[in-house]
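Below you'll find the structure, written out as structure tokens, and then a few comments.
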Amino acid sequence: MSRIGNKPIAVSNDLKINIDDENHIIEISNGKNSLSQEYADVIDVKLGEGEIVVSRQNDENTSKALHGLYRSLIHNMVVGLTEGYKKTLDINGIGFRANLSGKKLELQIGYSHPVVFEAPEGIEFELPTQTQIIVKGYDKQLVGEVAAKIRASRIPDVYHGKGIKYSDEVLRIKEGKTGAKG
């Protein structure tokens, strides 16, 4: 029995929800932004009084697996359109910094050239300091993907700690070669 899949999704009144049972698509919008998700034909999505209920038609293993998956994806859409998502990245290293010009994020991270990221639609960059980047948006997958691409431009070095890391990420710094002698 799926514990996640059976939980109803609470929906506020300011969201518009359109469920197309024929094509198996759910579309949720908050007026200015909208997200849509296609779901499997073994899954039923119903709109109740202030909640969305996701159920499955049978008890096969694939149906059970998809039940919790689509409930989580729809829940992420609702949370993203009401509250939004954000990921915070920290830049560590001498001379490493970030600048914001319009929708472009420019990183000076030890290369001979600046690394430039343009914000895709639905993503915003914020720079509280020159060494901290906040990626905000309403699509959870897109926020995570953009943050991962920024982090991949200079992965943290395990010997010195230089690079771009998530703010909640814990780096274990290794000892160098001289640490083994004793």
Side-chain angles (χ1 to χ4, degrees), residues 1-91 98 100 102-105 117-129 132-153 164-171:
M1 181 168 145
S2 175
R3 286 181 277 201
I4 298 259
N6 289 330
K7 289 169 105 176
I9 303 165
V11 178
S12 62
N13 293 332
D14 57 336
L15 292 179
K16 266 181 81 175
I17 300 165
N18 183 21
I19 300 173
D20 184 5
D21 287 329
E22 189 174 306
N23 296 323
H24 303 288
I25 296 174
I26 181 170
E27 186 173 328
I28 303 174
S29 68
N30 65 357
K32 56 184 175 186
N33 300 319
S34 73
L35 292 170
S36 64
Q37 176 66 47
E38 191 173 334
Y39 56 91
D41 55 349
V42 294
I43 301 298
D44 292 326
V45 179
K46 300 291 180 214
L47 181 61
E49 186 98 8
E51 63 185 19
I52 298 173
V53 178
V54 180
S55 60
R56 61 179 184 259
Q57 295 174 359
N58 54 39
D59 284 338
E60 293 179 12
N61 286 341
T62 56
S63 300
K64 288 180 180 181
L66 294 174
H67 187 202
L69 168 73
Y70 285 116
R71 190 263 177 209
S72 294
L73 291 175
I74 294 169
H75 180 261
N76 290 343
M77 291 167 53
V78 170
V79 171
L81 290 171
T82 54
E83 300 168 19
Y85 289 102
K86 74 176 186 176
K87 289 253 184 198
T88 307
L89 298 149
D90 293 331
I91 303 173
L100 193 60
K103 293 190 107 191
K104 289 186 180 182
L105 177 69
F117 288 96
E118 186 142 355
E121 189 175 328
I123 296 292
E124 288 180 26
F125 295 128
E126 283 184 14
L127 294 176
T129 64
Q132 193 174 42
I133 304 165
I134 297 176
V135 181
K136 293 173 113 179
Y138 58 89
D139 187 356
K140 186 175 185 177
Q141 181 197 357
L142 190 59
V143 168
E145 184 179 332
V146 170
K149 284 182 181 177
I150 292 171
R151 182 184 181 276
S153 65
I164 301 173
K165 68 178 192 74
Y166 297 112
S167 63
D168 57 352
E169 181 178 7
V170 177
L171 287 181

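In plain terms, the two heavy atoms of Y70 and E38 that are nearest each other are CE2-O, 3.4 Å. When every heavy atom of K103 is checked against every heavy atom of P120, the shortest pair comes out as NZ-O, 4.4 Å. Listed here is the closest heavy atom pair of F117 and K149: CZ-O, 3.6 Å. Annotation for P8 and V53: closest pair CB-CG2, 4.4 Å, computed over non-hydrogen atoms. In terms of heavy atoms, G144 sits closest to K87 at CA-CE, 4.3 Å. In plain terms, the two heavy atoms of A98 and I91 that are nearest each other are CB-CD1, 3.8 Å.
Side-chain contact check for I134 versus F125: every heavy-atom pair is 4.5 Å or farther apart. Residues I26 and I17 form a side-chain contact, since some pair of their non-hydrogen atoms from C-beta on lies under 4.5 Å apart. Under the 4.5 Å side-chain criterion, counting only non-hydrogen atoms from C-beta, K86 is not in contact with V143. For the pair V42 and R56, the minimum side-chain heavy-atom distance is 4.5 Å or more.
Between the CG atom of D90 and the OG atom of S167 there is a distance of 5.5 Å, given to the nearest 0.5 Å. Taken from CG in N33 to OH in Y138, the straight-line distance is 4.5 Å, to the nearest 0.5 Å. Rounding to the nearest 0.5 Å gives a distance of 8.5 Å between CG of L69 and CD1 of I43.
A salt bridge is defined here as a Lys NZ or Arg NE, NH1 or NH2 lying under 4.0 Å from an Asp or Glu carboxylate O, and R151 with E169 meets this definition.
Heavy atoms of other residues, nucleotides or ligands lying less than 6.0 angstrom from CD of E124 number 12 at most.
A distance-only check finds no donor-acceptor pair linking the side chain of N18 to the backbone of E27 [under 3.5 Å]. Side chain of R71 to backbone of I4: a donor-acceptor contact under 3.5 angstrom is found.
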